[in-house]
Amino acid sequence: MARTENSVTFLRSDYQASAFKIKKVELDIALNPARTIVVNRMQVSKKMKGDQSLVLNGQEQELISVRINNEPIREYELTPETLTLHNLPDDEFELSITSACAPNQNTSLMGLYVSNGNFFTQCEAEGFRKITYFLDRPDVMAIYQVTLRALKADFPVLLSNGNLIKEEDLGNGWHAAIWEDPFPKPSYLFALVAGKLQAIEKTIESQSGQEKLLQVWVESKDIEKTEHAMESLISSIRWDEKRFGLELDLDRFMIVAVGDFNMGAMENKGLNIFNTKFVLANPETATDVDYANIESVVAHEYFHNWTGNRVTCRDWFQLSLKEGLTVFRDQEFSADQMGGESGKAVKRIEDVRLLRQVQFPEDAGPMAHPIRPDSYQEINNFYTVTVYEKGAEIIRMQQTLLGQDGFRKGMDLYFKRHDGQAVTCDDFVAAMADANHKDLEQFKNWYSQAGTPRVAVKESFSGDTYQVQFTQSCASTPGQDKKLPFHIPLLYKLIGADQREPEKLLELREQTQTLTISGLRKKPTLSINRNFSAPIILDFEQSEEELLTLLREDDDAFNRWESAQKLFIKAILNGRDLDAELIEALHHILIDETLDPAFKDLVFTLPAESYLYEQVDVIDPQTIHQARRRVKTQLAHALQQDWLKAYQFNQTTGAYKADSKSSGKRSLKNLALTMLLDGQHEKAQQLALEQYQSANNMTDRYGALAAMVQNASPDAKECLAHFHQHFENDALVIDKWFGLQASRQPELNRPSSVLQDVIHLRHHADFHIKNPNRARSLIHAFCMNNPGAFHQASAETYQFWANHVVELNEINPQVAARLARALDRWKQFAPSYQIHMKSALKFVSEHKNLSSDVAEVIHKALNS
């Protein structure tokens, strides 16, 4: 339903449990793309006797009938969003509702919809109300039995949650399948899939000796791209058994891939529905990043089986209860899969880069919110990096404070207390505290306060005594002017004082706290917040000499990488070249054969422009873009021969392998190729073309193509045409083709050239704006991931953004709202940019049919 800035605001403090309990749900669904009929029989009871009215949620449905204990009911109140029933029996009763919906008209991809002729559902957060009338809230948990009926020729495969009970032919070309989920679940975990699909399957034995059937369902043309997803699922199951003692609790577990999907995947009980992007892979069409993402997302959704499904959220304010915890679990899984400490360090750095590039800006903008929000207008807008990635960091801090064994004790107690329940973030922290006899009351400020804490560090050294003063603060955020001190775990070590001194933990609880260490012969170099032990901004002015010491000598890989980032930031923001001593240190890192190639790749990847924006008071995007570009070009020229050696040394021969060692070598090799082109090495263009033409995997082919496109190589245009022709029937690869062109850096003498390319591609025959992946590959890639091209001091790019927010608003509000976030921090930009940003925001705000998703983002941006 369209809403304005007067949309209803929901408050966490207003939570009340439902007055009704739904014990069992029986759904009988006759699937037809144009008109699906749903019969919903519910066993309902009042929690207290009396005249409570039952208000059910329902949207975009045709109500056909309502019955109570098989008697027709004609007195009810019906609105576009609710069905209200009065005068209900005090005893348990059967409520039967028959309704109809039109899946083939559902472009929002929420509820029941059709994609490429097949039926799929997406019910989180509030999609079930588009399928049938229901108490659509996470704390109403019921057992489901689902009967699916359809024409067998059109929809031979019928899937739903849980275990398959029965299949039968109904005559007249129709057939049915009955599924039963034995575990109570909220409506957002309901799922069905129907259509022409094919599966690979494997049977494994669980830790306790039970047989489990695993299936990955896809369209038949994609069946040979499913093996990696299956291997990732098995690895996830084994890891969860070993690390947390958690077994798969159903007879079967299914993954289904669909090309039209708003998110990455969905953890519906036993029937996980995935965006094809996170299932399909073979060496020719998927990069190393794709392989890693598939492994991570498959793990994430499987881990939800316990952290989200068996124990779920009481209300949507508690979303991070399941998402932050499960992101932490998938991060730990992926780190373990990397193998060895260096691999774990690479994974940690990658996770922190994402947090800083996306979540830190969110914390500093008008959409800032705690990981457990106090209010919302549209719940879909709270599926954010704050809830997910910052939520994971808050879980990680608890493990740091308690140790891995203590954290496991807390998890065991959490499941013992709350299995089968809908609970809160406080319940989780209480289990951690009680299992370890640890006071975590102050730690809960992380759940209730928005913003990124800053910790100022001041050192002094006198005689043999070294003192460090820590002062914490947190800026005001919307609705929160004053902040209480956080409980911040800081891992630290003194470098150069006594190498035998182990890493230690400082628990910063006070606003100001001092660490004193005596008996030192000289002032040490402080390595603080090691492994990024807390998601904070560290205000610590270490000299370039000290940062170089950490870069050369620190045994914490994260802080070694961090020191290089700080030195790059100094040079970029001060508009100066890197000094000779830093270049020399980087030279030694690049030629050091003992270092992981993936770590080297990260060291030489400059801070993202979005992160650089966080280091200045007023953002001038073109100044930052050009300064960053100059530093990259300097690195390319100064280390030219090293780049050539790195390119040659990191070749991978033989059949493609997606293991971390091979992937790391390819990542460094492709960075070296880009640097050779940027530095105009005489062999660079030939090397890029030869790599593109001879590549036996997508990582190398795409790496060469990207290097050519980003550096305006004369071969780029011809290779782009060849790439499209060769992969024109593979949607995910064509997404890469669109995305590469939308994210290329602008030509120095033609700053609007990328916009013109994007406008041209917008009218390409292969561009389909109704498909979320395709919209993200072009529109979002340009507006949100290419700041150097998007942020021009003219109205053109911002009007392009505004036009597409409005267009997508009519098609898919969730996709539109994500795009709307591109300008939510407009007030932090220089005035010459602000004027055009504000005009574009007002253009969107004046659209008379804005969805609540988009309206909330635009309203908060304009009124921040």
Side-chain angles (χ1 to χ4, degrees), residues 1-10 57-61 79-82 101-115 120-131 136 188 258-264 266 273 275 316 319 362 366-367 369 373 375-385 387 768-780 783-784 800-824 840-862:
M1 184 176 91
R3 296 176 183 172
T4 68
E5 63 184 43
N6 297 317
S7 295
V8 174
T9 297
F10 298 93
N57 308 104
Q59 292 177 358
E60 300 174 18
Q61 294 185 60
T79 75
E81 294 204 350
T82 59
C101 60
N104 63 359
Q105 300 298 312
N106 184 4
T107 63
S108 73
L109 310 184
M110 288 293 292
L112 178 65
Y113 65 94
V114 175
S115 172
F120 299 92
T121 55
Q122 171 56 34
C123 291
E124 188 176 358
E126 296 175 340
F128 193 69
R129 63 190 63 185
K130 290 188 174 186
I131 298 173
D136 190 9
Y188 82 86
V258 56
D260 295 291
F261 204 67
N262 285 338
M263 300 181 288
M266 178 61 207
I273 300 179
N275 190 320
W316 290 121
L319 181 59
E362 183 168 270
M367 293 292 288
H369 57 276
S375 66
Y376 66 80
Q377 293 175 16
E378 175 51 64
I379 186 55
N380 291 324
N381 287 335
F382 280 85
Y383 283 77
T384 62
V385 285
V387 165
H768 312 295
I769 199 165
K770 290 183 179 179
N771 176 261
N773 283 356
R774 193 54 49 87
R776 288 187 284 257
S777 74
L778 183 66
I779 310 302
H780 291 62
C783 296
M784 304 191 75
F800 174 87
W801 165 86
N803 292 340
H804 284 87
V805 171
V806 169
E807 182 177 3
L808 284 164
N809 173 76
E810 301 297 326
I811 298 167
N812 189 323
Q814 284 190 41
V815 175
R818 293 297 173 105
L819 181 61
R821 297 289 301 273
L823 294 189
D824 65 3
L841 284 160
K842 284 193 169 182
F843 174 86
V844 176
S845 72
E846 291 166 0
H847 184 67
K848 58 185 177 184
N849 197 34
L850 276 190
S851 63
S852 57
D853 307 62
V854 174
E856 180 177 21
V857 175
I858 300 297
H859 176 71
K860 286 184 175 179
L862 283 171

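The first residue of the sequence shown is numbered 1, and numbering continues consecutively from there.
- Between Thr384 and Met367, every side-chain heavy-atom pair lies at or beyond the 4.5 Å cut-off.
- By the 4.0 Å N-to-carboxylate-O rule, Lys860 lies close enough to Glu856 to be salt-bridged with it.
- For the pair Val805 and Phe843, the minimum side-chain heavy-atom distance is 4.5 Å or more.
- Ring geometry for His369 versus Phe382: interplanar angle over 60°, hence perpendicular rather than tilted (30 to 60°).
- Minimum interatomic distance between Tyr383 and Ala125 (heavy atoms only, all atoms of both residues): OH-CB, 3.5 Å.
- Summarising the geometry, atom OH belonging to Tyr113 is positioned 14.0 Å from atom CG belonging to Asn104; distances are rounded to the nearest 0.5 Å.
- Distance check: Gln59 CD to Cys101 SG gives 12.5 Å after rounding to the nearest 0.5 Å.
- Distance CD1/Ile779 to CD/Glu807: 8.0 Å, rounded to 0.5 Å.
- Classification of Arg129 and Glu81 as a salt-bridged pair fails, no side-chain N sitting under 4.0 Å from a carboxylate O.
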Worked check of side-chain contact (heavy atoms from CB on, under 4.5 Å) between Lys130 and Ser108: CA-CA 11 Å; Lys130 290 188 174 186; Ser108 73; 2.9 Å; yes
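- Considering all non-hydrogen atoms of both residues, Pro772 and Val815 come closest at CB-CG2, 4.0 Å.
- Using a 4.5 Å heavy-atom cutoff, the side chains of Phe261 and Met266 are in contact.
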Step by step, would you call Phe128 with Asn57 a side-chain contact (heavy atoms from CB on, under 4.5 Å)? CA-CA 9 Å; Phe128 193 69; Asn57 308 104; over 6 Å; no
side-chain contact (heavy atoms from CB on, under 4.5 Å) for Glu60 and Met110? Distances and angles first, verdict last. CA-CA 11 Å; Glu60 300 174 18; Met110 288 293 292; over 6 Å; no
Please evaluate residues Ile769 and His804 with respect to the criterion side-chain contact (heavy atoms from CB on, under 4.5 Å), reporting the C-alpha separation (whole Å), side-chain torsions for both, the decisive distance (0.1 Å), and the verdict. CA-CA 9 Å; Ile769 199 165; His804 284 87; 4.1 Å; yes
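- Side-chain atoms of Glu124 and Leu319, non-hydrogen and from C-beta on, do get closer than 4.5 Å to each other.
- The two atoms that bring Ala817 and Val854 nearest to each other are N-CG2, 3.7 Å, heavy atoms only.
- With contacts defined as side-chain heavy-atom distances shorter than 4.5 Å, the pair Lys770/Asn812 does not qualify.
- Atom CG of Asn106 and atom OG of Ser115 lie 11.5 Å apart (nearest 0.5 Å).
- To the nearest 0.5 Å, atoms CG (Leu862) and CG (Asp824) are separated by 11.0 Å.
- Distance CG/Asp853 to CZ/Arg818: 10.0 Å, rounded to 0.5 Å.
- When side chains are defined from C-beta on, Leu841 does not count as touching Val844, because their heavy atoms never get closer than 4.5 Å.
- Shortest non-hydrogen contact noted between Ile811 and Thr107 is O-OG1, 2.6 Å.
- Here the closest non-hydrogen pair linking Cys783 and Trp801 is SG-CB, 4.1 Å.
- The shortest non-hydrogen separation linking Leu109 to Gln122 is O-CB, 3.5 Å.
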